Amino acid sequence: MNINSFIRALLIWFIGLPISIALSFTLRYVGDVNSLGMPELLWFFMHLCIFVFSIIKVYTSINQMELLKKITVILSVILTYGAYYTVLTWIYVIESGIDSV
Amino acid sequence: MAVYVGARDLSGLAIGTHQFIVLTYEHPLPLQNIAFSQVTTKLLGGNTRGIVIGAQNRGNLAVEFFEKGDLTAAMEFFGGIETKWHKSDYDTQLMEVDCGSLPDPEAKRRVLNLIESYLLNQRNDPIKYPTAGLGVNSNSWAQSVIQYSGGKVSGDMKGFDISNSKRVPSTYFKAVCLNKPRVQVN
């Protein structure tokens with residue numbers, strides 16, 4: 001396992017997602033503050049791209065591991081990413097008044 | 001024509017449900033003064049016209065007529081907007097409220113009266129929107145209006161509609177000055 005590559009791969013997601021939110025936050029002030037600032041499909045597509053890119057990088061950084069360990073790491077990373085994504089986007093969308101539960 | 005509670009997806013979120021209220025009419029209504037707003041029906045699709053009302057996070061639990069997301073969701077349901085597989089939509093669910101033996105116009109009048117009182121009371125004594133929506137929120141608001149109007153509908157609609165069993169204190173829907181402080185929420 002290449003630790004540096006692994007950490008860099010994680011940072012793609014953990015920093016990439018807040019950057020995408022900052023982009024949306026900025027764009028909202030161009031149009032409607034109670035919207036995402038961009039089409040919803042673009043919003044989700046952007047996150048999907050960051051996710052896929054990060055997961056590919058994670059996979060290549062653990063390429064030397066045996067299969068079972070590799071699967072465990074990937075699944076743990078996906079679960080962590082999912083929790084991080086849910087919390088961050090929930091707080092952003094609800095707290096900034098884009099939409100309300 | 002009827003009273004509905006609607007549930008729709010949230011913009012920009014993969015989870016979560018927002019509830020709102022739709023009152024439908026066959027014919028356009030004349031402009032009505034409801035608290036600080038002048039409201040009339042909008043065409044939702046086909047021959048159905050309606051008034052769409054929901055609570056939103058505007059710092060406070062603010063009630064808005066025809067909020068963009070609520071209106072679009074209602075129009076998707078009634079066919080005023082066509083949904084396509086390659087475009088995001090609100091996946092709207094609308095459930096008709098059981099008003100019992102109450103005539104339809106009377107049921108709608110009750111709902112609008114409650115909303116008018118809420119709007120007036122909010123001006124003097126606003127309910128803060130709960131942090132991250134975890135408290136008395138728009139789902140609680142929609143269900144409270146229906147309950148206080150005497151209607152019956154399932155509170156648990158599609159998706160993750162948190163706080164649908166919580167209620168806004170009934171004093172916020174009363175058109176009287178209170179002699180005791182209100183029960184505070186959020």
Side-chain angles (χ1 to χ4, degrees), chain A residues 12-55 75 77-101, chain B residues 7-20 53-64 66-73 83-91 127-143 157-164 166 186:
Chain A
I12 289 169
W13 179 251
F14 286 109
I15 293 177
L17 190 59
I19 288 174
S20 77
I21 288 173
L23 177 68
S24 159
F25 188 81
T26 310
L27 290 173
R28 288 167 64 215
Y29 288 94
V30 179
D32 177 7
V33 288
N34 295 317
S35 77
L36 283 172
M38 64 181 80
E40 200 177 38
L41 273 183
L42 181 62
W43 164 257
F44 285 124
F45 182 69
M46 192 166 57
H47 296 161
L48 184 68
C49 290
I50 300 168
F51 173 77
V52 170
F53 185 52
S54 174
I55 288 293
L75 285 179
V77 166
I78 288 173
L79 275 177
T80 311
Y81 279 16
Y84 179 71
Y85 180 77
T86 305
V87 170
L88 212 63
T89 53
W90 182 276
I91 289 171
Y92 170 58
V93 168
I94 303 297
E95 282 297 299
S96 64
I98 291 170
D99 213 340
S100 319
V101 279
Chain B
R8 63 167 176 85
D9 293 344
L10 298 173
S11 303
L13 280 175
I15 59 161
T17 297
H18 167 82
Q19 292 189 9
F20 56 101
I53 318 120
Q56 313 293 333
N57 175 15
R58 302 289 180 252
N60 298 322
L61 189 64
V63 169
E64 290 182 6
F66 301 108
E67 189 270 336
K68 195 171 65 180
D70 292 349
L71 177 61
T72 308
T83 57
K84 292 181 177 138
W85 67 269
H86 56 86
K87 286 175 85 177
S88 64
D89 59 59
Y90 283 109
D91 199 15
I127 296 177
K128 187 181 169 293
Y129 189 81
T131 306
L134 306 174
V136 171
N137 60 23
S138 59
N139 301 335
S140 324
W141 182 86
Q143 291 295 330
M157 299 184 75
K158 68 169 197 100
F160 184 50
D161 47 357
I162 53 169
S163 298
N164 68 63
K166 292 186 176 170
N186 296 337

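Below, chains carry the letters A, B, ... as their sequence lines are ordered, and counting in each starts from 1. Computation of the quantities below employed the complete heavy-atom set of this structure, encompassing side-chain atoms and omitting hydrogens, waters and symmetry-equivalent molecules. All figures in this text were calculated on a predicted structure; none of them were measured in a lab.
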- Any chance you could lay out the side-chain contact (heavy atoms from CB on, under 4.5 Å) test for F160(B) and V101(A), step after step, and finish with the verdict? CA-CA 9 Å; F160(B) 184 50; V101(A) 279; over 6 Å; no
Side chain, backbone, both or neither: which part of [X] has a non-hydrogen atom closer than 4.5 Å to chain A?
| X | result |
| --- | --- |
| F20(B) | neither |
| D9(B) | backbone |
| A142(B) | neither |

- Item | D99(A)-S11(B) side chain donor-acceptor pair, cut-off 3.5 Å | yes
Taking atom [atom1] of [X] as the centre, does the number of heavy atoms from other residues, nucleotides or ligands within less than 6.0 Å exceed 12?
| X | atom1 | value |
| --- | --- | --- |
| F25(A) | CZ | no |
| F45(A) | CZ | no |
| K87(B) | NZ | no |

- Query: Picking from N139(B), L10(B), N57(B), what satisfies side chain to side chain contact (heavy atoms under 4.5 Å, CB included) with S100(A)?
  - Reply: N57(B)
- Item | Sole residue of N137(B), L13(B), L134(B), T131(B) in side chain to side chain contact (heavy atoms under 4.5 Å, CB included) with I94(A) | L13(B)
- Message: With heavy-atom distances below 4.5 Å as the criterion, would you say the side chains of K68(B) and S35(A) are in contact?
- Response: yes
- On a heavy-atom basis, the closest approach of W90(A) and I162(B) is CZ2-CD1, 3.8 Å
- Query: Just how far is it from atom OG of S88(B) to atom CZ of F44(A), taken to the nearest 0.5 Å?
  - Reply: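 That separation rounds to 7.5 Å.
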- Message: Return the CD to CG distance between Q56(B) and N34(A), rounded to the nearest 0.5 Å.
- Response: 8.0 Å
